[in-house]
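Working notes, beginning with the structure itself.
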Amino acid sequence: KDATVWRKPSEEFCGYLYKAQGVVEDVTNRIVDHIRPGPYRLDWDSLMTTMDIMETFEENCCVMRYTTAGQLWNIIAPREFVDFSYTTSYEDGLLTCGISLDYGEVRPNFVRGFNHPCGWFCVPLKDYPSHSLLTGYIQTELRGMLPQSAVDTAMSSTLANFYSDLKKALKT
């Protein structure tokens, strides 16, 4: 209901590029403020359990480390990611993008996942300026010994829940 999720083989690694898209009732700046690294993300993203800004290069550019909860009854164990993140204006909207870095030691009890080039594009709808089209391209390599069917199930449900959780957060 909130989002449509597609996938196709990635050109970056032996997994999939997922595309998620949905209309969100809010302006682009407010939506992206809730998505990018910062104080809002932990308040609403049910998958994310911690987020630390490791280095800040300029206002919209940082290296962040975050952890995610286990999924599918912990068939997929908690993951840790270290990503370079950059947010900028793009045409009439905003783009927040990132890629994982090989940075620091992996914390105990986590598997280090890797995000190949990813991004969220948020643009206002021309006929409804108080609504925005939010499109995400995600290429996450969860790593570890996981069947592809478990990854596909987790990714599609996670991306769909992302939209419904974000919409709830924006209403508060």
Side-chain angles (χ1 to χ4, degrees), residues 1-28 30-37 40-49 51 64 66-81 83-87 90-100 111-128 130-171:
K1 178 183 169 192
D2 291 320
T4 305
V5 179
W6 301 266
R7 74 170 194 170
K8 73 175 198 169
S10 172
E11 295 178 11
E12 298 287 326
F13 73 113
C14 294
Y16 288 94
L17 165 66
Y18 294 87
K19 177 183 177 184
Q21 190 168 57
V23 173
V24 179
E25 188 177 343
D26 216 321
V27 295
T28 57
R30 192 154 182 268
I31 293 167
V32 172
D33 279 347
H34 278 70
I35 294 173
R36 69 168 132 204
Y40 296 117
R41 188 70 183 263
L42 276 177
D43 290 341
W44 67 267
D45 191 335
S46 59
L47 184 62
M48 196 171 281
T49 55
M51 178 193 299
M64 66 180 205
Y66 64 96
T67 57
T68 60
Q71 298 177 62
L72 300 175
W73 304 281
N74 266 348
I75 291 171
I76 299 177
R79 294 299 197 262
E80 173 185 69
F81 296 87
D83 289 357
F84 171 79
S85 177
Y86 184 71
T87 303
Y90 178 78
E91 294 186 3
D92 293 334
L94 292 166
L95 161 66
T96 185
C97 56
I99 186 168
S100 283
V111 174
R112 175 70 61 92
F114 190 89
N115 288 317
H116 295 271
C118 298
W120 290 94
F121 299 89
C122 191
V123 294
L125 295 180
K126 289 186 184 354
D127 295 337
Y128 302 96
S130 63
H131 291 66
S132 301
L133 179 64
L134 178 62
T135 305
Y137 294 93
I138 293 81
Q139 299 184 97
T140 298
E141 190 173 350
L142 293 178
R143 297 187 171 161
M145 304 292 287
L146 296 171
Q148 187 62 47
S149 60
V151 174
D152 291 341
T153 299
M155 288 299 294
S156 60
S157 65
T158 296
L159 290 169
N161 289 338
F162 180 90
Y163 280 83
S164 58
D165 291 348
L166 174 61
K167 287 179 178 184
K168 287 178 199 165
L170 290 166
K171 288 183 180 179

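Partner Tyr66 forms a side-chain hydrogen bond (donor to acceptor under 3.5 Å, both in side chains) with one of Thr49, Asp45, Asp83 and no other, that one being Asp83.
Cys122 SG to His34 NE2: the interatomic distance, rounded to the nearest 0.5 Å, is 12.0 Å. Here the CD1-CG distance, from Ile138 to Leu17, works out to 8.0 Å after rounding to the nearest 0.5 Å. Taken to the nearest 0.5 Å, the CD1 atom of Ile31 stands 9.5 Å off from the CD atom of Glu25. Taking CZ of Arg36 as the start and SG of Cys97 as the end, the distance is 12.0 Å to the nearest 0.5 Å. In this structure, the separation between CE on Met155 and CD on Gln139 is 10.0 Å, given to the nearest 0.5 Å. To the nearest 0.5 Å, atom CG of residue Leu146 and atom CD of residue Glu141 are 11.0 Å apart.
Around CZ of Phe13, the count of heavy atoms belonging to other residues, nucleotides or ligands within 6.0 Å exceeds 12. Annotation for Tyr90: atom OH does not count as buried by contact number, only 12 or fewer foreign heavy atoms lying within 6.0 Å. Other residues, nucleotides and ligands place more than 12 heavy atoms under 6.0 Å from the CD atom of Gln148.
Pairing each heavy atom of Met51 with each of Pro37, the nearest pair is SD-CA, 3.8 Å. Shortest non-hydrogen contact noted between Gly144 and Val111 is N-CG1, 4.3 Å. Shortest non-hydrogen contact noted between Ala3 and Tyr163 is CB-CD1, 3.3 Å.
By the 30° and 60° cut-offs, the orientation of the rings of Phe114 relative to His116 is perpendicular. Between Phe162 and Trp44, the ring-plane angle classifies as perpendicular under the 30° and 60° cut-offs.
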side-chain contact (heavy atoms from CB on, under 4.5 Å) evaluation trace for Leu134 with Leu166: CA-CA 11 Å; Leu134 178 62; Leu166 174 61; 3.6 Å; yes
Step by step, work out the side-chain contact (heavy atoms from CB on, under 4.5 Å) result for Val5 and Lys19. CA-CA 6 Å; Val5 179; Lys19 177 183 177 184; over 6 Å; no
Start with the C-alpha gap between Val23 and Tyr128, add the side-chain angles, then the distance that decides, and say whether side-chain contact (heavy atoms from CB on, under 4.5 Å) holds. CA-CA 10 Å; Val23 173; Tyr128 302 96; over 6 Å; no
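At distances below 3.5 Å, not a single donor-acceptor pair connects side-chain atoms of Tyr40 with backbone N or O atoms of Ala169. A donor-acceptor pair under 3.5 Å is formed between the side chain of Ser164 and the backbone N or O of Asn161. Of the possible donor and acceptor atoms, none in the side chain of Gln21 sits under 3.5 Å from a partner among the backbone N and O of Thr4. Between the side chain of Ser132 and the backbone N or O of Asp26 there is at least one donor-acceptor pair closer than 3.5 Å. Judged purely by atom type and a 3.5 angstrom limit, Arg79 uses its side chain to pair as donor or acceptor with the backbone of Arg143.
Within the 4.5 Å cutoff, no side-chain heavy atoms of Val24 are placed close to those of His131. Residues Leu142 and Phe81 have side chains in contact (heavy-atom distance under 4.5 Å, counting atoms from C-beta outward).
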